[in-house]
Amino acid sequence: MVSASTLDQLPVGCSATVKALSFAGSKRRRMLDLGFVPGSPVSALQASPWGDPVAYAVRGAVIALRRQDAKQISILAKGGSWT
């Protein structure tokens, strides 16, 4: 079973695969340039003390995203739970 969700719901310490981006225009281009390309593995590394932003590992880089931006990145987790 494969579950779909958004990146803001990925718990710290878990990994998934980028499925799609719902950004448009230059914001979409920027996210693709940062490594959030469909098919790329992504891991949630650490949240700030207030929970926003969250640091994610993607394509060899660590990128901090606000939850409102992470909510626009669809992800897939295998097995129906976070791995």
Side-chain angles (χ1 to χ4, degrees):
M1 179 176 184
V2 175
S3 65
S5 189
T6 56
L7 189 57
D8 67 306
Q9 297 173 336
L10 184 66
V12 171
C14 295
S15 299
T17 302
V18 175
K19 179 181 174 187
L21 305 175
S22 62
F23 295 102
S26 62
K27 187 95 171 194
R28 178 181 176 79
R29 179 79 256 157
R30 178 68 176 145
M31 290 296 148
L32 291 169
D33 289 345
L34 289 172
F36 294 97
V37 177
S40 296
V42 61
S43 301
L45 299 179
Q46 183 177 6
S48 73
W50 295 276
D52 198 18
V54 176
Y56 299 97
V58 60
R59 296 187 156 251
V62 176
I63 308 295
L65 290 181
R66 293 175 289 187
R67 289 195 182 273
Q68 68 185 33
D69 290 332
K71 191 175 281 194
Q72 296 185 54
I73 301 174
S74 298
I75 58 172
L76 292 174
K78 293 182 182 174
S81 62
W82 303 113
T83 59

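Computation of the quantities below employed the complete heavy-atom set of this structure, encompassing side-chain atoms and omitting hydrogens, waters and symmetry-equivalent molecules.
The two residues I75 and T6 have their closest heavy-atom pair at CD1-O, 3.6 Å. Between S40 and R59, the shortest heavy-atom contact is OG-NE, 2.7 Å. Annotation for A20 and P38: closest pair CA-CG, 4.4 Å, computed over non-hydrogen atoms. Looking at every heavy atom in both residues, Y56 comes nearest to A44 through CD2-CA, 3.8 Å. Between R67 and V54, the shortest heavy-atom contact is NH2-CG2, 3.5 Å.
Between V58 and the options I63, L65, I73, a side chain to side chain contact (heavy atoms under 4.5 Å, CB included) holds for only I63.
When hydrophobic clusters are built by joining Ile, Leu, Val, Met, Phe, Trp and Tyr residues whose side-chain heavy atoms come closer than 4.5 Å, directly or via intermediates, V18 is grouped together with L34. V12 is not connected to L7 by any chain of hydrophobic side-chain contacts under 4.5 Å among Ile, Leu, Val, Met, Phe, Trp and Tyr, and they are in different clusters.
Atom CZ in R28 sits 11.0 Å away from atom CD in Q72 (nearest 0.5 Å). Here the CZ-NZ distance, from R66 to K71, works out to 13.0 Å after rounding to the nearest 0.5 Å. The CG atom of L21 sits 11.0 Å away from atom CG of D69, with the distance rounded to the nearest 0.5 Å. Put simply, OG on S22 and CE on M31 are 10.5 Å apart, with the number rounded to the nearest 0.5 Å.
Looking only at side-chain heavy atoms (C-beta outward), Q68 and D52 stay at 4.5 Å or farther from each other.
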